[in-house]
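Proteins get letters first, then strands, A, B, ... in listed order; numbering begins at 1 in each.
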Amino acid sequence: MPSKRKVKNAFLWSIAIVYLLVILVFCSISQNSAAELIAQTAANRMAADRLELAAYNLLFDLNEYLHKKIGIELYLLAKNGENPNQLVYELSAAEWIKTAETWLKANGIAAFIVIQDIRTNRHTQNDKRDLILMSTLGIPQEFEFYEGAVDIDAVITTRLVDTSTQATFLVKFNIKSLHPVRIYDLCTMSGILCKRVTSEIRSWAKGTNAERIALNLKKELRKFLVSFLNGVSQSFYSGQVSYRIIVRKTSAVQYIINLHLMKIELTDMSKYAFVLIDKRFVRVSYITSFKISLKYLTATSKAGPKQIAIDGVVSN
Amino acid sequence: MNGILSMTDAMTALCFSVVLILAVCVHTYSDNDHLLAVQISYLQKVAQQILLVSAMKGYVTELITKVELRQETTYVLVKIVNLCPSELACRLYVLYNAKLLTSFGRLADSVFGEAKYFATTSQGVMEIICQVSAK
């Protein structure tokens, strides 16, 4: 009987221990599952944070890329005296998309980037630009001399997938940025200068021989140019105009006046109007030329040279 | 009979102790694991915030310009590292076309969070790596 009881006790205790072990294994498994879940949640959260940073990284870098690219394009347009409205035709972000996607792929993120509606327009004071995007470029949102600068608008849509966790982040950003070089104003001012010369040149032509006519024209032209350039310097523009006046006698009382403004160079000198080209900061100058010819008749003609040419430069 | 019972008691006590110790061990390990994951996640978040804020403040643009003009970058890197909370340590690496250009700051712990930021330049890709650890 004691032996039978011993066996029974041993059996019961064995069952109890096995039962406890089962509970322990079960607890351990659930504990591990919970730990795995926590680790997975943490990994997903970290992946989501990483994707969020990558999305903002794309936004800020595209803004920077467009700013630089537009800077270079408007520098070239201004150098050739072309219309700033052509700017939009020169813009494409395909190269940037390729670079960004390659970098993200190397860092475990599959990226699908679409950029739409890259537009540039003349900036007006009423059109507010994005404070953060302006700040990333190191330029203030509010500044007295942005009128006539270049508004940059674009839309970037990105779908980012973390290749290890398959976490996905889809976002669409509107870019409302600005390039501070006032190329639209430079172009307009250059046009105004030529128009005013055209309208006033007749009143500047006075005299009874070629030399007198040329000297009077030179005097009045210089007076006009000095006044014009002084006026624009109030808005932080500098300018230099080189000219050639040729007066030719064609008959006893008739002269041909040729005025050639060989180089009208207007430069934006405001605080932030720089472009980074070939590892240096440069100012943007709008360079054009202008030619006008007119016939001048005198009532009386005095003796003098048949033709005279005068060259000169005016700057502020 | 009394002898058998006392032996059984001892066996049971031993088993319970083993079970208890194992349970405590498993539980303690999980907590550490969890804490480590949370800590790394937090440090990574801080590193990301440092990079985002420095981009928003224009420091990244300034850094790109300095790198492109081949000027001294330490001043900009100091400004970025200064964004790190005082109770944490921060280290920055700047890579240009996958080559290490410069590094700044130091970590105080082997456990750290890391974030990366890229910037396209006229000459290639610049990468900023920010690592943050506890002090």
Note to self: Let's go through Asn107(A) and Phe118(B) carefully: what are the C-alpha distance in whole Å and the side-chain angles of both, what is the deciding distance for side-chain contact (heavy atoms from CB on, under 4.5 Å) to 0.1 Å, and is it a yes or a no?
What the structure shows: CA-CA 11 Å; Asn107(A) 284 278; Phe118(B) 87 98; over 6 Å; no

How far does [atom1] of [X] sit from [atom2] of [Y], to the nearest 0.5 angstrom?
X: Asp61(A); Y: Ile64(B); atom1: CG; atom2: CD1; value: 6.5 Å
X: Asp278(A); Y: Ser122(B); atom1: CG; atom2: OG; value: 8.5 Å
X: Thr120(B); Y: Lys68(A); atom1: OG1; atom2: NZ; value: 6.0 Å
X: Met46(A); Y: Leu43(B); atom1: CE; atom2: CG; value: 9.0 Å

Any side-chain heavy atom of [X] sitting closer than 4.5 Å to one from [Y]?
X: Phe60(A); Y: Thr61(B); value: no
X: Leu276(A); Y: Glu68(B); value: yes
X: Trp103(A); Y: Glu127(B); value: yes
X: Lys279(A); Y: Gln123(B); value: yes
X: Ile132(A); Y: Lys57(B); value: no

Give a yes or no on whether [X] atom [atom1] has more than 12 heavy-atom contacts from other residues, nucleotides or ligands under 6.0 Å away.
X: Lys105(A); atom1: NZ; answer: no
X: Phe236(A); atom1: CZ; answer: no
X: Glu95(A); atom1: CD; answer: no
X: Gln71(B); atom1: CD; answer: yes

Margin query: For the interface with chain B, which of Ala42(A), Ala54(A), Ala43(A), Ser135(A) has the highest count of heavy-atom pairs at distances below 4.5 Å?
Written below: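 Answer, by heavy-atom pair count under 4.5 Å with chain B: Ser135(A).
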
Measure [X] against the heavy atoms of chain A and call it side chain, backbone, both or neither at under 4.5 Å.
X: Glu62(B); result: neither
X: Lys116(B); result: both
X: Val60(B); result: neither

Checklist line | From Lys45(B), Gln44(B), Gln49(B), residue fulfilling side-chain hydrogen bond (donor to acceptor under 3.5 Å, both in side chains) relative to Asp49(A) | finding: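 It is Lys45(B); the other options fail the test.
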
Notebook entry, point to check: Measuring heavy-atom distances to chain B, does Arg45(A) have an atom under 4.5 Å in its side chain, in its backbone, in both, or in neither?
Noted result: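 Only the side chain of Arg45(A) comes within 4.5 Å of chain B.
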
Next item on the list: For Tyr117(B) and Leu53(A), work out which heavy atoms get closest and say how close.
Entry: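 The answer is CD1-CD1, 4.5 Å.
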
Notebook entry, point to check: Which of the residues Ala115(B), Gly58(B), Gly124(B) is involved in the greatest number of heavy-atom pairs with chain A at under 4.5 angstrom?
Noted result: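 Result: the option with the highest number of such pairs is Gly58(B).
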
